[in-house]
Amino acid sequence: MPVIVLLRHGLSSANVSGILAGRAPGVSLTDEGARALRANLELLPHRHFTHLLHSPLQRCEETAAIAAETAEFEHLDVDEAVIELDYGDWTGRSLKELGQEPLWATVVKTASQAKVPRRGIYHRGGRSFDGPYP
């Protein structure tokens, strides 16, 4: 029977800084994040997998490299389909500051339904459109 494991990246520099990383470049795992990730990977009951798909983001590349040290993968592939949501103009902003935005509750509850500001237009679910905010 196929086994599917969903693995989120470890604690990142953006998590520690309290910012919304989104697709921002240069967001890496922290040492603590890498240690916790290794410890969690050791708990996997299976150590052989057919594929490891990961986002092209730096923190996900680093997570995939650590996973490949712990388990065996026949194929490691970068897949844009699993990339983080594009938060547009919110990328890199403080989570505390964003918590004051009226739209933030929607992002937290159902991010795919949120229309985030993006260079004068609003973006939702991979599509951009003109329209009232939010």
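Worth saying up front: this structure is predicted, and the values here are computed from it rather than measured.
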Hey, what do you get for CG (Leu85) to CG (Leu20), rounding to the nearest 0.5 Å?
8.5 Å
Can you measure from CG (Leu7) to CG (Asn40) and round to the nearest 0.5 angstrom?
8.0 Å
Ignoring hydrogens and angles, write down the donor-acceptor pairs under 3.5 Å from the side chains of residues 27-35, residues two or more places apart or on other chains.
residue	atom	partner	partner atom	Å
Thr30	OG1	Leu11	O	3.3
Thr30	OG1	Gly33	N	2.9

Transitive ILVMFWY side-chain link Ile66 to Leu57, under 4.5 Å
no
Review item, side-chain donor-acceptor pairs of residues 103-110, under 3.5 Å, at least two apart:
none

State the CG-CG distance between Leu43 and Leu41, to the nearest 0.5 angstrom.
8.5 Å
Look at the side-chain heavy atoms of Ile, Leu, Val, Met, Phe, Trp and Tyr, link any pair under 4.5 Å apart, and say whether Val5 and Val82 land in one connected group.
no
CD on Glu72 to CZ on Phe49, rounded to 0.5 Å:
10.5 Å
Just grab all the salt bridge (Lys or Arg N to Asp or Glu O under 4.0 Å) pairs involving residues 47-57, residues at least two apart or on different chains.
Glu42-Arg47
Residue pairs involving residues 59-71 (criterion salt bridge (Lys or Arg N to Asp or Glu O under 4.0 Å); sequence neighbours excluded)
Arg38-Glu69, Arg59-Glu84
What pairs meet the ring pair (Phe, Tyr, Trp, His ring centres under 6.0 Å) rule with one or both residues in residues 13-37, with sequence neighbours excluded?
none
Gln100 meets the side chain to side chain donor-acceptor pair (under 3.5 Å) criterion, sequence neighbours left out, with none
Tell me who clusters with Leu53, hydrophobic residues only, linked when side chains sit under 4.5 Å apart either directly or through other members.
none
Can you tell me if Ile4 has over 12 outside heavy atoms packed within less than 6.0 Å of its CD1?
no
Which heavy atom of Ser55 sits nearest a heavy atom of Val78, and at what distance?
C-CG1, 4.2 Å
With sequence neighbours left out, what residues match Ile19 under side-chain contact (heavy atoms from CB on, under 4.5 Å)?
Ala14, Ser17
How long is the span from the CG atom in Leu76 to the CG atom in Asp79, to the nearest 0.5 Å?
12.5 Å
Set of residues satisfying ring pair (Phe, Tyr, Trp, His ring centres under 6.0 Å) with respect to His75, sequence neighbours excluded:
His51
What ring pair (Phe, Tyr, Trp, His ring centres under 6.0 Å) pairs are there with at least one residue in residues 24-45, not counting sequence neighbours?
none
Residue pairs meeting ring pair (Phe, Tyr, Trp, His ring centres under 6.0 Å), one or both in residues 7-43, sequence neighbours left out, come to none
Output all residues satisfying side-chain contact (heavy atoms from CB on, under 4.5 Å) with Glu80, sequence neighbours left out; order by chain, then residue number.
Pro56, Ile83
